[in-house]
Engineer: 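Supplied in structure tokens, the structure appears directly below.
These values consider heavy atoms only, across backbone and side chains, with no hydrogens, waters or symmetry-generated copies.
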Amino acid sequence: MKKSIIIVGLGPGDPGMIPLQVWELLNAGMPVYLRTAIHPTVAWLKQKGLSYRALDYHYQQGETFEEVYLNIAREVLAAAREGPVVYAVPGHPMVAEESVRLVLDLAARQGIPTRVVPAMSFLDALSTTLGLDPCKGLHIVDALRLDEQQPDPGVGTVVTQVYDRITAGETKLNLMEVYPDEHRITVVRAAGIPGEERVAQVPLYELDRLPWIDHLTSLYIPPLKEVAEGEGTWPAAGEPVGAGEDAVYTCCFPLDPLVEVMAALRAENGCPWDREQTHQSLKQYLIEEAYEVIEALDEGQMYKICEELGDLLLQIVFHAQIASENKQFDMNDVVNAITEKMLRRHPHVFGAAHVNNCQEVLINWDKIKAQEQGEQAKKQSCLGNIPRALPALLRAEKVQAKAARVGFDWPDHTGAVDKVNEELKEVLQALETGQARAVTEEVGDLLFAVVNLARLLHVDAEGALSSTTDKFIKRFQYIEQQARQRGQELSQLTLEQMDRWWEDAKKIII
């Protein structure tokens, strides 16, 4: 056999649960790769003299679990191109194993044969520990994907991969949007492993207070009685209870405590640094916190998004407190003003107006805004209120979108494609003149035309460029890795050598 990958499961953690077929494959003389050596079975395998390569170091190098699993899959694929390998994972290979899915996907694209050998999963052990019969209804979700996978409060739910207390905290916040804070859940660590198994029943809000949560931990959430019996659902935070003028909006976390903390920090006996700050001195922090929110959103880590949104909210409260001290406005005024604005500018939701699509919503928004501003709006350009401080791509897109709302736009993307080609020709003509100013101007026109094309294709130009930059970095890092493995400096390489590695990187870093 030339190229192949055999993916095997190591069971839930008890060496006695390793299937005989898996044991034989582990000892068949092929290179063995472990997703992680942090698993009870691995210590026993090591005692038996099994030689393996653990891939845990990827967890320290990757910034997100998605990146970690992708890098693990790439390493397994790279090894398989040299000959058959065994890739071993905890539990059952097809249960809660994202790296296996990526290995199978990449192997299929590259024409590398694969084979999956099953083993007992943690779900089997968990069902035994809790006395559950999955056939009576069991919903399974991944703690790392709760933004995509919703728990079902009508049946029992298992939450997998609650790796640590940070993940537990993030999981708790997500689950509390569906279940009451006091809803009792069962936390199970090392299910089915003699001497290590641990079970505790706690209210949901205490989930992240358990000190022994680790990579072998899962949750079982019993169904909500009301939902299971068809008696309704729990209202989410911010959801109206009642209707019309009598509707009451729930609020779980009022701003008052944060406002009081900020007032104390700014008081006479408060923090010297906080007392010295002004609207102007805080501008840089407002921008920094906004970008950190964007980064957290890109990473998709819910606990980090929650934390960064809190940091951004702190800046808003900070500015409101400074204004309050100057008798200008306070945090209540900020909240009331934006609430009233949302009510005024959404008459299709809170009034009798009707709209057919998102474009009509935006047109109505601009009309209502103009009415609010009165005579001042008539004298102002419709493009005049777009901040110059925005990133250039985002500012260009907003300018074009504003112009499009009054009809200054291509009918479809074909006109924009022609404009891109036209601007590219003008860049080439400017290069022939050798005039740097003309080249700069024409390159700017080309970039503006590309942003317009992206807008008409419903592509986020800022996000697309950011993703492409990330991809370039990863592919270039592959070139650096290849050079290091050969003891070479990048400055010693020819462009042809780097280009060959670049083409290799394009095949594995998509």
Engineer: What's the separation between atom CD in E480 and atom CD1 in I473, rounded to the nearest 0.5 Å?
Structural biologist: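 Going from CD on E480 over to CD1 on I473, the span is 10.0 Å.
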
Engineer: To the nearest 0.5 angstrom, please state how far the CZ atom of R500 sits from the CG atom of L495.
Structural biologist: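 So the CZ of R500 and the CG of L495 are separated by 10.0 Å.
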
Engineer: The test is side chain to side chain contact (heavy atoms under 4.5 Å, CB included); show your working for V89 and V8 and say whether it passes.
Structural biologist: CA-CA 7 Å; V89 298; V8 303; over 6 Å; no

Engineer: Any side-chain heavy atom of E397 within less than 4.5 Å of one from V399?
Structural biologist: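 A side-chain contact is absent here, since even the closest heavy-atom pair is not under 4.5 Å.
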
Engineer: State which residue, out of Q488, R486, Q481, Q482, fulfils the side-chain contact (heavy atoms from CB on, under 4.5 Å) condition with R484.
Structural biologist: Q481

Engineer: Mind checking what makes ring-ring contact (aromatic ring centres under 6.0 Å, His included) contact with Y33, not counting sequence neighbours?
Structural biologist: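 ring-ring contact (aromatic ring centres under 6.0 Å, His included) list for Y33, sorted by chain: empty.
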
Engineer: Please examine the side chains of T114 and I6, heavy atoms only from C-beta on, and report whether any two atoms are closer than 4.5 Å.
Structural biologist: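 When only atoms from C-beta onward are counted, T114 and I6 do not touch, as no gap falls below 4.5 Å.
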
Engineer: With sequence neighbours excluded, give me every side-chain hydrogen bond (donor to acceptor under 3.5 Å, both in side chains) pair touching residues 11-22.
Structural biologist: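 Matches after skipping sequence neighbours: none remain.
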
Engineer: Quick one, L224 and H183 - any side-chain contact, counting heavy atoms below 4.5 Å?
Structural biologist: yes

Engineer: For Q492 and E489, indicate whether the former's side chain and the latter's backbone hold a donor-acceptor pair under 3.5 Å.
Structural biologist: yes

Engineer: Under a 4.0 Å N-O cut-off, is there an ion pair linking E422 with K425?
Structural biologist: no

Engineer: Looking only at non-hydrogen atoms, find the nearest pair between I7 and P93 and report the distance.
Structural biologist: CG2-CB, 3.8 Å

Engineer: Strictly below 4.0 Å, N to O, side chains only: are K3 and E82 in salt-bridge contact?
Structural biologist: no

Engineer: Partners of D412 by side-chain contact (heavy atoms from CB on, under 4.5 Å), sequence neighbours excluded?
Structural biologist: T414

Engineer: Heavy atoms, side chains only, cut-off 4.5 Å: are P134 and S127 in contact?
Structural biologist: yes

Engineer: Test: side-chain hydrogen bond (donor to acceptor under 3.5 Å, both in side chains). Region: residues 284-302. Which pairs qualify, not counting sequence neighbours?
Structural biologist: E299-K304

Engineer: So that I know where these two stand, are W501 and F476 an aromatic pair - ring centroids less than 6.0 Å apart?
Structural biologist: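 No, they do not, as the ring centres are separated by 6.0 Å or more.
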
Engineer: Keeping R189 on the side-chain end and E196 on the backbone end, is there a donor-acceptor pair under 3.5 Å?
Structural biologist: yes

Engineer: Determine whether the side chains of Q110 and R81 contain a donor N or O and an acceptor N or O closer than 3.5 Å.
Structural biologist: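 R81 and Q110 do have a side-chain donor-acceptor pair below 3.5 Å.
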
Engineer: Is there a donor-acceptor pair closer than 3.5 Å between any side-chain N or O of D418 and the backbone N or O of G415?
Structural biologist: no

Engineer: Would a distance-only check, ignoring hydrogens and angles, find a side-chain to backbone donor-acceptor pair under 3.5 Å from T157 to D152?
Structural biologist: yes

Engineer: Sequence neighbours left out, what pairs pass salt bridge (Lys or Arg N to Asp or Glu O under 4.0 Å) with at least one residue falling in residues 501-510?
Structural biologist: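 For residues 501-510, and leaving out neighbouring residues, the salt bridge (Lys or Arg N to Asp or Glu O under 4.0 Å) pairs sorted by first residue read E503-K506.
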
Engineer: State, to 0.1 Å, how close G13 and P40 come at their nearest heavy-atom pair, and which atoms those are.
Structural biologist: O-CB, 3.4 Å

Engineer: Show every donor-acceptor pair shorter than 3.5 Å between a side-chain atom in residues 427-448 and any protein atom, with sequence neighbours excluded, or say none if there are none.
Structural biologist:
| unit_1 | atom_1 | unit_2 | atom_2 | d |
| --- | --- | --- | --- | --- |
| T433 | OG1 | A430 | O | 2.5 |
| T433 | OG1 | Q435 | N | 3.3 |
| T440 | OG1 | A436 | O | 3.0 |

Engineer: Which pair of non-hydrogen atoms, one from G91 and one from A119, has the smallest distance, and what is that distance?
Structural biologist: O-CB, 3.7 Å

Engineer: By side-chain contact (heavy atoms from CB on, under 4.5 Å), which residues pair with V68, not counting sequence neighbours?
Structural biologist: H58, Y59, I72

Engineer: Taking the side chain as every heavy atom from C-beta outward, state whether S51 and V32 have any pair of such atoms under 4.5 Å apart.
Structural biologist: no

Engineer: Can you tell if the side chain of W410 reaches within under 4.5 Å of the side chain of L456, non-hydrogen atoms only?
Structural biologist: yes

Engineer: What is the distance from atom CD1 of I479 to atom NZ of K474, rounded to the nearest 0.5 Å?
Structural biologist: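 So the CD1 of I479 and the NZ of K474 are separated by 15.5 Å.
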
Engineer: Hey, can you pull the donor-acceptor pairs under 3.5 Å for the side chains in residues 168-176, sequence neighbours left out?
Structural biologist:
| unit_1 | atom_1 | unit_2 | atom_2 | d |
| --- | --- | --- | --- | --- |
| E170 | OE1 | Y303 | N | 3.4 |
| E170 | OE2 | M302 | N | 2.9 |
| T171 | OG1 | T167 | O | 2.7 |
| K172 | NZ | Y205 | O | 3.4 |
| K172 | NZ | D208 | OD1 | 3.1 |
| K172 | NZ | D208 | OD2 | 3.4 |
| N174 | ND2 | E170 | O | 2.9 |

Engineer: Quick one, L219 and V188 - any side-chain contact, counting heavy atoms below 4.5 Å?
Structural biologist: no

Engineer: Okay, side chain of T129, backbone of A125: is any donor-acceptor separation there less than 3.5 Å?
Structural biologist: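 A pair under 3.5 Å: yes.
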
Engineer: What's the separation between atom CD in E308 and atom CG in L297, rounded to the nearest 0.5 Å?
Structural biologist: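 Interatomic distance, E308 CD to L297 CG, rounded to 0.5 Å: 9.5 Å.
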
Engineer: Can you measure from CD (E423) to CG (L453) and round to the nearest 0.5 angstrom?
Structural biologist: 12.5 Å

Engineer: With sequence neighbours left out, write down each residue that passes ring-ring contact (aromatic ring centres under 6.0 Å, His included) with W44, or none if nothing qualifies.
Structural biologist: W23

Engineer: Return the minimal non-hydrogen interatomic distance between L204 and I185, and the atom names on each side.
Structural biologist: CD1-CD1, 4.0 Å

Engineer: Does any part of the side chain of Y179, heavy atoms only, come nearer than 4.5 Å to the side chain of P151, both counted from C-beta?
Structural biologist: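 Yes, close enough: below the 4.5 Å cut-off.
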
Engineer: Could you tell me whether M498 atom CE has more than 12 heavy atoms of other residues or ligands within 6.0 Å of it?
Structural biologist: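 Counting neighbours around CE of M498, more than 12 heavy atoms of other residues, nucleotides or ligands fall under 6.0 Å, so yes.
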
Engineer: Is there any salt bridge (Lys or Arg N to Asp or Glu O under 4.0 Å) pair reaching into residues 53-69, and which pairs are they, with sequence neighbours excluded?
Structural biologist: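 Listed by first then second residue: R53-E75.
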
Engineer: If every non-hydrogen atom of T36 is compared with every non-hydrogen atom of P90, which pair is closest and at what distance?
Structural biologist: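 Of all heavy-atom pairs spanning T36 and P90, the closest is CG2-CG, 4.0 Å.
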
Engineer: For P118, what residues pass the side-chain contact (heavy atoms from CB on, under 4.5 Å) criterion, not counting sequence neighbours?
Structural biologist: H92

Engineer: So, R74 side chain and I508 main chain: donor-acceptor pair closer than 3.5 Å or not?
Structural biologist: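 Flag set: sc R74 to bb I508 pair under 3.5 Å.
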
Engineer: Please check if the number of heavy atoms outside H215 that lie under 6.0 Å from its NE2 is greater than 12.
Structural biologist: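 For H215, atom NE2 is crowded (more than 12 foreign heavy atoms under 6.0 Å).
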
Engineer: Would you give the length of the straight line joining atom CG of L216 to atom OH of Y163, rounded to the nearest 0.5 angstrom?
Structural biologist: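 With rounding to 0.5 Å, CG (L216) is 10.0 Å from OH (Y163).
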
Engineer: Looking only at heavy atoms, which two atoms of G156 and Y220 are closest? And how far apart?
Structural biologist: CA-OH, 3.6 Å

Engineer: List in chain and number order the residues that pass side-chain contact (heavy atoms from CB on, under 4.5 Å) with D460, two or more places apart in sequence or in another chain; answer none if no residue qualifies.
Structural biologist: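 Partners of D460 by the side-chain contact (heavy atoms from CB on, under 4.5 Å) criterion, ordered by chain and then number, come out as E462.
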
